[in-house]
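Structure, as structure tokens:
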Amino acid sequence: MIPLNDELPDTPIWNQYLEYQRNVSNGNGQPSWFQSPWLYVECYMYRRIHEALIHNPPIDDFDPFMEAKIQSFFESQQAIIAVCTYLQELLKNIEDLNENQLKEEFFKLLQVSLWGNRCDLSISAGEDNSQKSSLLQSLNDFKSFILVDDMENLWSLLLNSKKRTTTKESITRVDMILDNAGFELITDLVLANFLSSSKLATEVHFHGKCIPWFVSDTTKHDFNWTLKQLQSANHMWMSRCGMNWEGNLKKGVWVYHDHMFWTLPHEFSSMAQVAPDLYAELQKSSVIIFKGDLNYRKLTGDRKWEFTVPFHQALNKFHPAPLCSIRTLKAEIQVGLKPGQGEQLATSESEWMINGKYGIIQFDASV
Ligand SMILES: O=P(O)(O)OC[C@@]1(O)O[C@H](CO)[C@@H](O)[C@@H]1O
Ligand SMILES: [Mn+2]
């Protein structure tokens, strides 16, 4: 690993982090691909690709993963139509739903967003990994693969907040730390639309990446491209979604943010120190939803925790607001399991932590 040699705002932070890695390697030589922590070297690789491009105008804003992301979007077309159609049908009578019905729909869309996280192009090394079938019919079959299910906690928080939101001024703000573009992003936007339309949230703030990242992660360009694509689709409900979502952004009930911290190698327990402005922004949130596996690795510091360690402990004092991780398991890290749960899974399925078949919706309330 060598220092970065470009002039981006995050360059000094990356180079300081390299120094830090040199110091912690305890004289075991230079930080390097096979010796240094995987989280660091993997992030570094994506940042080095970006550096190579930065040095080569006019392709300095080229996204080498754009083609794969676009292809994956089109390959998921049928599944996208299915969720957009489901949402639009649901919105027709959302005002008439009672509390239980609303909760049932919320749980469904949370699970769709969870399984949407299977579609990531980093784990498949850029190969096709799109959603081919409609997820909605399969949710019951997948239920037993949810290893930690804190959907009730998330629901109670949002419902209580909605009940308090009687005056016009009170705000329920949901922040979504986005992961992959393509089908997963659509499922996140569908969930956000449901939250806004049911008034479970008065504001939704999305957070994307500043540079191409882990192949399929959402950049501002991907976000805008997706909305335009939906709008111009030859399908009524897809295009309705695209129109409404752009409308929400224009009205300011939805806000898109990016911050360089999301493309640094740091674990989130360093955020308050490394990016105090972002930490302060997240403190305004009623609940933060972290999508995906990489965010889970950064939430827990990518450490080899015992499976039964409480999520709160693994967060290592990262508590800007109540938060919830929604991820399918693709990296060998998991906390907050019941005693024996992890060991049992390991005996029946050696790849349970890395094959994306299992998922969690894991909540931490305390600030
Ligand atoms: O964050 P995501 O999109 O859910 O997953 C990203 C990911 O596939 O990338 C790495 C492999 O390259 C793993 O850490 C992780 O499983
Ligand atoms: Mn990703």
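Each ligand, and each atom within it, is numbered from 1 in the order the structure gives.
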ask   = Does some side-chain heavy atom of T11 sit less than 4.5 Å from a side-chain heavy atom of R47?
value = yes
key: Heavy-atom check, side chain of L178 versus side chain of D188, under 4.5 Å   = yes
request  = Give a yes or no on this: more than 12 heavy atoms of other residues, nucleotides or ligands lie within 6.0 Å of atom CD of E332.
outcome  = no
Taking all heavy atoms of [X] and all of [Y], pick out the closest pair and write down the distance.
{"X": "E75", "Y": "S130", "result": "CB-OG, 3.2 Å"}
{"X": "L8", "Y": "H50", "result": "CD1-CD2, 3.6 Å"}
{"X": "S196", "Y": "W254", "result": "OG-NE1, 2.9 Å"}

request  = Just say parallel, tilted or perpendicular for the rings of Y46 and W213, cut-offs at 30° and 60°.
outcome  = tilted
query = Near ligand 1, which protein residues have a heavy atom under 4.0 Å away?
reply =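 Only W38, E42, N117, D120, S122, I123, D179, N180, F214, G292, D293, L294, R297, K330 have heavy atoms that fall under 4.0 Å of ligand 1, ordered by chain and number.
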remark   = Any protein N, O or S atom under 2.8 Å from the Mn ion (ligand 2)? Found D179 OD1, N180 OD1, D217 OD1
task = Decide whether Y279 and Q273 meet the rule of one side-chain donor and one side-chain acceptor closer than 3.5 Å.
result =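 Their side chains do not contain a donor-acceptor pair, so the 3.5 Å distance test is not met.
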ask   = Is E281 salt-bridged to R173, going by a charged N under 4.0 Å from an acidic O?
value =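 Salt bridge present between E281 and R173.
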